[in-house]
Participant: 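Structure provided below as C-alpha cells; questions to follow.
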Amino acid sequence: RKEVEQDPGPFNVPEGATVAFNCTYSNSASQSFFWYRQDCRKEPKLLMSVYSSGNEDGRFTAQLNRASQYISLLIRDSKLSDSATYLCVVNSGGYQKVTFGTGTKLQVIP
Amino acid sequence: GAVVSQHPSRVICKSGTSVKIECRSLDFQATTMFWYRQFPKQSLMLMATSNEGSKATYEQGVEKDKFLINHASLTLSTLTVTSAHPEDSSFYICSARDLDRGILGDEQYFGPGTRLTVT
C-alpha cells in the first residue's frame, strides 16, 4: 500500500460547483498534513495545513479523520482559477520529511 | 509565504556535462532544504535532504556521487548533476522550511523549479 494515495482524477466540474477530494495515508503515526496546489509546469504552493480540528479558509475546508486515516479538501463555489492539481502531503514520521501524493487534477469548466 | 528562489529556471546541456542548480531562501534562514525531482505526470520524489554545515542525506536509489549537494550557508543550497545523461532530464525543485512561519512546522516552501534537459 502506498504511503499516501489520491484519486488522480481528473475531476471536471462546472463553475460554482462544490467538489471534494480525499487522500488516504498508511502510517498511523503521521502527525502533519497539508494540501498543496500545483499548476502545470510550476512548483507546488502551500494551500492549507490540516489541523486535527479541521480548518477553513474562505471557500476551502480541510478535514482530518485519524480513525480512518484520511484527509479531505472541500472547495465550494469553484472558480476557473481553481483548476490545478491538488497534492496531499503527509509527514510520514521521518525527521522533517514529508511524502507527496500523486495529486488529484481538478478542471473547472465554464 | 516564505520566498525561495532557484536558479537557473531552465537549462539545456549536453550529455556528459555537469549542471549546478542553486536554491536560496530569500527572507528567512533555512537550516534544512530539500531537493525533489518530478518527471512528467508523476509526483514529486524526494532526492535528498540538505543540512547546513553537514552532509546531505540521500534517499534510497539516489546516487550521492552523481547528485552533489552543498549547503554552504543558511540561505543557500546547491545541487550539481554530474555527468548528466538524457535520463536525468527532469524538473528539479528545492524547498525549505521556515521554522518561524506556520503552526505545524513542517510546511515547505518551494522554489520555482529548474527544468533540465540533457541532449
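Lettering of chains follows the sequences in order, A, B, ..., and the numbering in each one begins at 1.
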Participant: Check for me, please, whether B:Met33 and B:Phe110 land in the same ILVMFWY cluster - side-chain distances under 4.5 Å, paths through other members count.
Facilitator: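 No, it is not one cluster - the side chains of B:Met33 and B:Phe110 are not joined through contacts under 4.5 Å.
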Participant: Kindly give the heavy-atom pair with the smallest separation between B:Ser43 and A:Gly101, and that separation in Å.
Facilitator: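 Minimum heavy-atom contact is OG-O, 2.6 Å.
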Participant: Drop me the distance from B:Leu46's CG to A:Thr99's OG1, to the nearest 0.5 angstrom.
Facilitator: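 Rounded to the nearest 0.5 Å, the CG-OG1 separation comes to 8.5 Å.
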Participant: Under the side-chain hydrogen bond (donor to acceptor under 3.5 Å, both in side chains) rule, collect the residues that match up with A:Thr61, sequence neighbours excluded.
Facilitator: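 side-chain hydrogen bond (donor to acceptor under 3.5 Å, both in side chains) check on A:Thr61 returns A:Arg76.
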Participant: Go through it in stages, so that I can follow the logic: the residues are B:Gln6 and A:Glu43, the test is side-chain hydrogen bond (donor to acceptor under 3.5 Å, both in side chains), and I'd like the CA-CA distance, side-chain angles, deciding distance and then a yes or no.
Facilitator: CA-CA 11 Å; B:Gln6 222 176 303; A:Glu43 78 278 17; over 6 Å; no
Participant: Are A:Leu47 and A:Leu74 linked, directly or through intermediate hydrophobic residues, by side-chain heavy-atom contacts shorter than 4.5 Å (ILVMFWY only)?
Facilitator: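 As far as the 4.5 Å side-chain criterion goes, A:Leu47 and A:Leu74 are not connected within one cluster.
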Participant: Tell me the residues of residues 5-15 of chain A whose non-hydrogen atoms fall below 4.5 Å from those of chain B, in number order.
Facilitator: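 Within residues 5-15 of chain A, near chain B: nothing under 4.5 Å.
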Participant: Can you find a heavy atom in the side chain of A:Leu46 that is under 4.5 Å from one in the side chain of B:Gln108?
Facilitator: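 No. Closest side-chain heavy atoms not under 4.5 Å.
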Participant: Do B:Ile21 and B:Leu44 share a hydrophobic cluster (ILVMFWY, side-chain heavy atoms under 4.5 Å, transitive)?
Facilitator: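 No: no chain of side-chain contacts under 4.5 Å links B:Ile21 to B:Leu44.
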Participant: Taking the six-membered ring for Trp and the single ring otherwise, decide whether the centroids of B:Tyr36 and A:Tyr36 are under 6.0 Å apart.
Facilitator: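 Distance test on ring centres: not under 6.0 Å, no.
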Participant: In sequence, state the C-alpha distance, the side-chain angles, and the governing distance for B:Lys41 and A:Thr102, and then conclude on side-chain contact (heavy atoms from CB on, under 4.5 Å).
Facilitator: CA-CA 9 Å; B:Lys41 299 189 187 300; A:Thr102 52; over 6 Å; no
Participant: Could you state whether A:Tyr70 and A:Val50 fall into the same hydrophobic cluster, counting links through intermediate Ile, Leu, Val, Met, Phe, Trp or Tyr residues with side-chain heavy atoms under 4.5 angstrom apart?
Facilitator: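 Cluster IDs for A:Tyr70 and A:Val50 differ.
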Participant: Which residues in residues 111-119 of chain B have a heavy atom less than 4.5 Å from any heavy atom of chain A?
Facilitator: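 Result: B:Gly111, B:Pro112, B:Arg115.
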Participant: Run the ring-ring contact (aromatic ring centres under 6.0 Å, His included) test on A:Phe34 and B:Tyr109 for me, step by step, so that the C-alpha distance in whole Å, both residues' side-chain angles and the decisive distance to 0.1 Å come before the verdict.
Facilitator: CA-CA 12 Å; A:Phe34 310 91; B:Tyr109 298 92; 9.6 Å; no
Participant: At a heavy-atom distance under 4.5 Å, which candidate from B:Glu59, B:Gln42, B:Met45 has the highest pair count against chain A?
Facilitator: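 Of the candidates given, the most pairs with chain A belong to B:Glu59.
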Participant: Is any side-chain heavy atom of A:Pro44 closer than 4.5 Å to a side-chain heavy atom of B:Ile93?
Facilitator: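 With C-beta onward as the side chain, the pair touches.
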Participant: With clusters defined by side-chain heavy atoms of hydrophobic residues (ILVMFWY) lying less than 4.5 Å apart, directly or transitively, does A:Val4 cluster with A:Tyr86?
Facilitator: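 Yes, A:Tyr86 and A:Val4 fall within the same hydrophobic cluster.
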Participant: For chain A, which residues from residues 63-92 of chain B have at least one heavy atom closer than 4.5 Å to it?
Facilitator: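 Heavy-atom contacts from residues 63-92 of chain B to chain A are B:Phe91.
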